Amino acid sequence: MSSRRVGFCLSDKKRRRMNMDAFADFCAGHGVEVVEIDLTQPLVPQGPFDVIVQKLSDVIVEAEHDSQSQQLLVNFQSYVSAHPSTVLLDPLPAMTQLLDRFASYRIMSKLHNSIRECSICTPPYLEIHSASDLSSIQQAVTTQGLSFPLLCKTRVAHGSLSHEMSLIFSEGSLAGIHPPCVLQSFVNHGAVLHKVFVVGDRHFCVERPSIKNFPSGPCERKTIFFNSHQVSKPESSSDLTALDEQMPCLHPPSSEALAALVRELRVQLGMALFGVDVIINIHTHTLTVIDINIFPGYEGVPQFFSSLLSHIKSVLDKQASAGAQATGSPELRQTTGGPSAATTGL
């Protein structure tokens with residue numbers, strides 16, 4: 001790994017939370033230089049980079065309505081296109097789809113068909129694209145097989161507003177939703193959330209607090225509004241997570257099921273750094289996937305630094321091997337039907 005150079009491009013908040021300065025020191029001890037990329041400056045003089053670790057979610061979302069962010073994104077994409085040998089963790093198109101819950105939930109909904117060796121499912125959900133009359137929404141809820149209570153989440157899966165959710169208990173309360181959004185059947189899971197953190201071919205499962213059980217079916221309870229960060233952080237303490245009755249301990253997700261889930265999602269997403277939120281249905285004991293997260297914080301994963309460095313080494317080794325086999329021929333790369341696994345960071 002000597003002479004390898006890794007650039008990272010993260011928001012200030014993400015950089016501090018992940019302690020990238022400490023990661024740079026860790027990598028330096030293994031012969032790898034890690035430097036921060038400044039998107040506001042020309043990228044060519046800052047390079048070259050063997051690998052770029054990035055989470056440009058802020059820039060991607062802001063580029064839809066901000067010309068300066070749009071230009072930053074164009075500059076970054078131009079650099080990546082002009083340097084195809086640079087490994088990108090993770091590819092921008094793959095990350096962009098996870099910023100849209102409509103797209104990510106469509107991927108989730110197909111998992112039970114693609115992972116037949118394990119009992120894995122996702123709750124029924126409904127996309128609400130725009131404001132509609134209440135009766136149409138109520139009919140769609142019934143047609144799609146959703147059951148109360150319902151979780152309502154914003155379509156955009158990034159930023160502080162994406163963590164603002166609501167728990168809806170009756171048809172009448174559907175009048176209070178704000179499209180575009182996703183409605184998802186709430187599954188009782190004993191107030192335990194399992195966050196699966198993926199780093200290449202490794203994954204780690206961390207238990208977190210979650211929403212308590214509620215009686216199934218519609219009722220006159222008022223809609224509950226909450227912030228998912230405040231509910232499911234390691235130090236969270238909320239009335240919403242306190243079980244009203246004694247709950248028998250549920251078995252954690254099986255290692256085989258989690259491994260199968262991660263393998264399938266890596267293929268479906270084309271990504272190496274992501275998280276999956278899973279729960280165990282208290283009635284069926286089925287592993288239930290409820291969300292996918294772009295490049296999460298990896299809190300509670302002490303092996304993150306070593307795992308990320310190991311993955312970087314792995315993709316660069318694959319790239320070097322592929323380059324040797326192709327004898328440096330760009331024509332061969334063009335006939336393989338798309339970017340190699342090394343280029344995409346898988």
Side-chain angles (χ1 to χ4, degrees), residues 10 13-14 17-19 55 57 89-90 95 98-99 101 104-105 107-108 111 115 118 120-123 151 153-154 157-160 162-165 182 184 186-213 226-238 240-241 243 247 249-266 268-269 271-282 285-308 311:
L10 308 171
K13 180 180 179 181
K14 185 75 172 177
R17 180 176 295 174
M18 300 193 68
N19 201 357
K55 185 177 182 181
S57 306
L89 297 176
D90 272 312
M95 293 187 67
L98 287 190
L99 292 174
R101 283 199 173 102
S104 63
Y105 277 42
I107 293 171
M108 287 163 45
L111 289 173
I115 314 177
C118 300
I120 296 176
C121 71
T122 56
L151 277 170
K153 307 177 184 180
T154 60
H158 177 72
S160 57
S162 69
H163 301 291
E164 298 297 334
M165 304 180 183
V182 173
Q184 184 184 58
F186 178 75
V187 175
N188 282 327
H189 53 282
V192 176
L193 173 68
H194 302 277
K195 295 192 76 71
V196 183
F197 298 107
V198 180
V199 188
D201 59 3
R202 302 182 186 183
H203 67 272
F204 308 88
C205 189
V206 177
E207 187 176 300
R208 296 279 177 81
S210 186
I211 301 174
K212 65 185 179 182
N213 301 331
F226 66 96
N227 183 294
S228 61
H229 261 183
Q230 296 173 0
V231 168
S232 294
K233 282 294 182 183
E235 67 281 0
S236 295
S237 178
S238 167
L240 197 54
T241 66
L243 289 174
M247 260 290 300
C249 289
L250 293 170
H251 291 295
S254 77
S255 56
E256 294 81 6
L258 288 183
L261 173 63
V262 169
R263 281 195 304 270
E264 181 62 24
L265 281 176
R266 285 192 67 199
Q268 294 292 333
L269 300 175
M271 296 174 64
L273 302 173
F274 61 93
V276 192
D277 292 345
V278 302
I279 56 176
I280 303 295
N281 186 315
I282 65 168
H285 297 269
T286 304
L287 180 66
T288 306
V289 183
I290 59 172
D291 227 331
I292 307 174
N293 309 302
I294 302 172
F295 201 162
Y298 293 93
E299 295 162 289
V301 181
Q303 307 97 323
F304 175 63
F305 283 0
S306 59
S307 298
L308 180 55
H311 181 64

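All values reported here derive from a predicted model rather than from experimental measurement.
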(request) Decide yes or no on side-chain contact (heavy atoms from CB on, under 4.5 Å) for V276 and V262, but give the supporting numbers first. (result) CA-CA 8 Å; V276 192; V262 169; 5.5 Å; no
(message) Can you give me the closest heavy-atom contact between S162 and G159, atom names plus distance?
(response) OG-O, 2.6 Å
(message) Tell me the closest heavy-atom pair linking C205 and V196, and the distance in Å.
(response) SG-CG2, 4.2 Å
(request) Return the minimal non-hydrogen interatomic distance between R266 and H311, and the atom names on each side. (result) NH2-CE1, 4.1 Å
(request) Quick one: closest heavy-atom pair of S104 and L98, and the distance? (result) CB-CD2, 3.6 Å
(request) Ignoring hydrogens and angles, tell me if any N or O in the side chain of H229 forms a donor-acceptor pair with the backbone of N227 under 3.5 Å. (result) no
(request) Could you tell me whether the side chain of I211 reaches within less than 4.5 Å of the side chain of L193, counting heavy atoms only? (result) no
(request) Work out which heavy atom in S57 is nearest to a heavy atom in M95; give both atom names and the distance. (result) OG-CE, 4.2 Å
(message) Walk me through whether I279 and V192 qualify under side-chain contact (heavy atoms from CB on, under 4.5 Å).
(response) CA-CA 7 Å; I279 56 176; V192 176; over 6 Å; no
(message) Tell me the closest heavy-atom pair linking R208 and S232, and the distance in Å.
(response) CD-O, 3.3 Å
(message) Measuring only between side-chain heavy atoms, which start at C-beta, is I280 closer than 4.5 Å to H251?
(response) no
(message) Using side-chain heavy atoms (C-beta onward) and a distance below 4.5 Å, is T241 in contact with K212?
(response) no
Considering only distance and modelled atom types, tabulate donor-acceptor pairs under 3.5 Å from the side chains of residues 287-298, sequence neighbours left out.
{"from": "T288", "atom 1": "OG1", "to": "T286", "atom 2": "O", "distance (Å)": "3.2"}
{"from": "D291", "atom 1": "OD2", "to": "K153", "atom 2": "NZ", "distance (Å)": "3.4"}
{"from": "N293", "atom 1": "ND2", "to": "D277", "atom 2": "OD1", "distance (Å)": "3.2"}
{"from": "Y298", "atom 1": "OH", "to": "V198", "atom 2": "O", "distance (Å)": "2.5"}

(message) So N281 and L250, do their side chains get closer than 4.5 Å, heavy atoms only?
(response) no
